[in-house]
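This report concerns only the one structure given below.
Sequence lines set the chain letters: A, B, ... in the order given, protein chains first and strands last, and positions in each chain run from 1. Predicted model only: the values in this text are computed from it and were never measured.
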Amino acid sequence: MKIIVLAKHAPDPQSEVGVAADGKSLSLGTAVFDINDWDRYAVEEAIRIKEKMGGEVVVVGVGKTEDTLRKCLAMGADRAIKIPVESGLDAYQTAEVIYEAIKNEKFDMIFAGLMSQDLNNSQVGVILAAMLNLPFATAVTSLEIGNGVVTVKREIEGGYQEAVQLPMPCLLTIQSGINEPRYVSVMGIKKAKTKELKEVAVSPKTSTVEVAKMYLPPVKKAELITGDPSQIAAKIIAILKDRGLIG
Amino acid sequence: MKVFAVAEHRFGELNPLSIELLNLANKLGESNAVVIGKDVGKFAAELAKYADKVWKIEDASLENYNPELYIDVLLQLFQKEKPDVVLIGNTAQGAEYAPYLAVKMKAPIVTDVVGVSSANGLVASRFVMQGKIMVDLKVKSMPCVLTIRQGAFKEGVQKNGKIVDAGIKPSKPAGRKFLEYVQPAVGEVDITKANIIVAVGRGIEDAANISLAEELAKALGGVVAGSRPVIDNGWLPKDRQVGISGKVVKPKLYLALGISGAFQHVMGMKDSELIIAINKDPEAPIFGVAHYGVVANLFDIVPELLDKLKGK
Ligand SMILES: Cc1cc2nc3c(=O)[nH]c(=O)nc-3n(C[C@H](O)[C@H](O)[C@H](O)COP(=O)(O)OP(=O)(O)OC[C@H]3O[C@@H](n4cnc5c(N)ncnc54)[C@H](O)[C@@H]3O)c2cc1C
Ligand SMILES: Nc1ncnc2c1ncn2[C@@H]1O[C@H](COP(=O)(O)O)[C@@H](O)[C@H]1O
């Protein structure tokens, strides 16, 4: 099984993120970057399949992606392709440069994450499937490989899932929780140093959307309970008593 | 503007988001609903109350949703009808096939849209950074495809549109085959019936700390639930997950500990009678839905709460 996995080096939205002075781009000065959470599960799934069936796992990243690609190699991926393009918010451009970089590769499956934790588009994987004319399924929560086909469960609303079967080659986007991603071992990091990390110079040709404005959302703010921890706890308990929620 | 809204249905029921798409369509111009399935007469009649025109696409092969067949028939319809804007629900179905459809239409796409303006070209607003930042995106060409977040376009007008059979069938069989639906897992605790829920998020940090939440739930007479990462990490069973891919709860008290308030979570708890959130990040979107907020480390506050509840 040869599997290509897309892995984004992405800022954690729970760290300090904001809007830059131009009012059109993100300010990520002190944000914490790591492999996009959904991609961690995708890489793990691909490595598990390789460990069971043999084959190759190739990871592909667009942007300032070196740390994440190294991490994937340390987890057990075989080689990496780095595309040093800042594609910004236009998912089409990200997919386009990935397409250019991998169009001559042979593969059985491509895995993407269901969503990037920073941009939350849920687009790049499916756009790539369309460019390659591949059958696809999103939000995959389990998969089983058969003879030339893969049977997957995909998540739908309310805890339900849908079981579908796809011919290979195909593209799947992976939902979190599909497995328990491994930690990177010291051995893994050592081995990763000898693995291939190739840079591919391609540039996006198509631009589909443009940022008109970026800003903090207007939100209705909760009434804040302040004080030291003991005072805060006392105030919370007073609210609960007042509402008859506790005796 | 000529707008096409693709309706969604499952288990014999129309997804109410389909009407919200038409609310937006009516604001933008001429509203067309498209409904795809084996026998969609009932859905078409409902949609006609909110659309200028309803297009039925019926075939035995369309009984269950299949992205390849949906894209196939939609492309046939759109080639003839030339929409300016295509609206699709940002759901497990819609979010799956919309980007593929957009590529085949050579149309820009914006996903998970919560606002649209057409005053100066088409501009769609959406969140990035899991609800912390908003961006207005201008599409660079028409037609365009937008997937729409549930709840963003609730108000609309009534219509009395005519229903037409589009006379379209899939042009070829799909590679992907639908097999079956799988029921949600059932566990021993039904969080949808609880009056008091202590919900923990990634901020609880570790499996070992779940017991702190359990102690608090016990002292309050409630149960423990969690956000998706807590379930993904195996710290709580799947049937305790609150959110679009878990359960929708409406308890008398929802105490959110270390939960950021991503939309997919909020959809599962926003109608709770009283929401109190403890989060150390003052910018956390959870403070947009909570009635009361505490900006603090949960590990400072929860032990104090426990002391006071036990000592009272
Ligand atoms: C298709 C799809 C379906 C999904 N379905 C669901 C679903 O059903 N339910 C769901 O919950 N999510 C769902 N998600 C995931 C969702 O997008 C978010 O990733 C998730 O809700 C985040 O969980 P969280 O708030 O626990 O974690 P995070 O977003 O990482 O937030 C953790 C929060 O804890 C705070 N914190 C950290 N430490 C402390 C501390 N010591 N004291 C106080 N605060 C602290 C941080 O400031 C942060 O705000 C879904 C996503 C997709 C794409
Ligand atoms: N810059 C990138 N580099 C590599 N993969 C990416 C990049 N951006 C998006 N992807 C992949 O596409 C998925 C969906 O991203 P998005 O469409 O931004 O939500 C991610 O989970 C990744 O697998």
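- Top candidate by heavy-atom pairs under 4.5 Å with chain A, chosen from B/N90, B/L101, B/I109, is B/I109.
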Given side chain to side chain contact (heavy atoms under 4.5 Å, CB included), test A/S176 with B/D232 step by step and report yes or no.
-> CA-CA 7 Å; A/S176 61; B/D232 286 344; 2.5 Å; yes
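- Contact check for B/I276 versus A/L240: side-chain heavy atoms found under the 4.5 Å cut-off.
- Contact count against chain B (heavy-atom pairs under 4.5 Å) is highest for A/R154 among A/R154, A/E16, A/M131.
- A/Y160 and B/F11 have tilted rings, their planes meeting at an angle from 30° to 60° on a 0 to 90° scale.
- Chain B is approached within less than 4.5 Å, heavy atom to heavy atom, by A/G18, A/V19, A/L26 from residues 18-27 of chain A, ordered by number.
- Atom NZ of B/K218 is surrounded by 12 or fewer heavy atoms from other residues, nucleotides or ligands within 6.0 Å.
- Of the listed residues (A/T226, A/I225, A/L245), the greatest number of heavy-atom pairs within a distance under 4.5 Å of chain B belongs to A/I225.
- The candidate from B/I196, B/T147, B/T91 with the greatest count of non-hydrogen atom pairs under 4.5 Å with chain A is B/T91.
- Only the side chain of A/Y41 comes within contact range of chain B, with at least one heavy atom under 4.5 Å from a heavy atom of that chain.
- Neither the backbone nor the side chain of A/E180 comes within contact range of chain B; no heavy atoms are under 4.5 Å apart.
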Residues B/V294, A/L224; criterion side chain to side chain contact (heavy atoms under 4.5 Å, CB included); working and verdict = CA-CA 6 Å; B/V294 177; A/L224 289 186; over 6 Å; no
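- Only the side chain of A/L28 comes within less than 4.5 Å of a heavy atom of chain B; its backbone N, CA, C and O stay farther away.
- For the set B/E68, B/Q93, B/K104, the count of heavy-atom pairs under 4.5 angstrom toward chain A peaks at B/K104.
- Closest approach of B/Q130 to A/Q117, counting heavy atoms only: CG-O, 3.7 Å.
- Under the 4.5 Å side-chain criterion, counting only non-hydrogen atoms from C-beta, A/T208 is not in contact with B/K140.
- Both the backbone and the side chain of A/S230 come within less than 4.5 Å of a heavy atom of chain B.
- Here the side chains of B/V110 and A/V209 are in contact, with some heavy-atom distance below 4.5 Å.
- Residue A/A139 does not touch chain B at all, counting heavy-atom pairs closer than 4.5 Å.
- A 4.5 Å side-chain heavy-atom check between B/E304 and A/D228 finds every atom pair outside the cut-off.
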Evaluate the side chain to side chain contact (heavy atoms under 4.5 Å, CB included) criterion for residues A/M115 and B/Q264: first the C-alpha distance (whole Å), next the side-chain angles of each, then the deciding distance (0.1 Å), finally the verdict.
-> CA-CA 12 Å; A/M115 176 166 108; B/Q264 293 89 353; 4.1 Å; yes
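- In this structure, chain B has heavy atoms under 4.5 Å from both the backbone and the side chain of A/A234.
- The minimum heavy-atom distance between B/P184 and A/G158, with the atom names listed, is CG-O, 3.8 Å.
- Of the listed residues (A/P135, A/A163, A/G177), the greatest number of heavy-atom pairs within a distance under 4.5 Å of chain B belongs to A/A163.
- Contact between B/Y100 and A/L134 at its shortest, heavy atoms only, is CE1-O, 3.6 Å.
- With a 4.5 Å cut-off on non-hydrogen atoms, A/L89 touches chain B through its side chain but not through its backbone.
- For a residue to count as touching a neighbouring chain, one of its non-hydrogen atoms must lie under 4.5 Å from one of that chain's; by this rule B/D281 touches chain A with the side chain only.
- With values rounded to the nearest 0.5 angstrom, B/E283 atom CD is found 11.5 Å from A/Q14 atom CD.
- Interface remark: A/I232 contributes side-chain atoms only to the contact with chain B (heavy atom separation under 4.5 Å).
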Yes or no on side chain to side chain contact (heavy atoms under 4.5 Å, CB included) for B/V103 and A/Y92, after CA distance, side-chain angles and deciding distance?
-> CA-CA 9 Å; B/V103 171; A/Y92 192 93; 4.1 Å; yes
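- A pairwise comparison of heavy atoms in A/L166 and B/R176 identifies CD2-CD, 3.8 Å as the closest pair.
- Contact annotation for A/A137: both backbone and side-chain heavy atoms come within less than 4.5 Å of a heavy atom of chain B.
- If you check the side chains of B/S125 and A/K213, you find no donor sitting under 3.5 Å from an acceptor.
- Heavy atoms of A/T206 lying under 4.5 Å from chain B are absent altogether.
- Among B/V135, B/L137, B/I133, the residue with the largest count of heavy-atom pairs under 4.5 Å with chain A is B/I133.
- Taking both residues in full, the closest heavy atoms of B/K132 and A/P13 are given as NZ-O, 2.8 Å, listed atom of the first, atom of the second, then distance.
- Most heavy-atom pairs under 4.5 Å with chain A, from the set B/P108, B/A185, B/P99, B/G293: that is B/G293.
- Nearest heavy-atom pair across A/N120 and B/F127 is OD1-O, 4.4 Å.
- Heavy atoms closer than 4.5 Å to chain A are found nowhere in B/P303, neither backbone nor side chain.
- Counting heavy-atom pairs under 4.5 Å between each of A/N121, A/L128, A/N179, A/D90 and chain B puts A/N121 at the top.
- Proximity to chain B (any heavy atom under 4.5 Å) is shown, for A/I156, by both the backbone and the side chain.
- Checked for salt-bridge contact, A/D37 and B/R202 meet the test: a charged N lies under 4.0 Å from a carboxylate O.
- A salt bridge is defined here as a Lys NZ or Arg NE, NH1 or NH2 lying under 4.0 Å from an Asp or Glu carboxylate O, and A/R243 with B/E273 fails to meet this definition.
- By the 4.0 Å N-to-carboxylate-O rule, A/E162 lies too far from B/R10 to be salt-bridged with it.
- Every residue meeting the side chain to side chain contact (heavy atoms under 4.5 Å, CB included) condition with B/V123, not counting sequence neighbours, appears here in chain and number order: B/S117, B/D136, B/K138.
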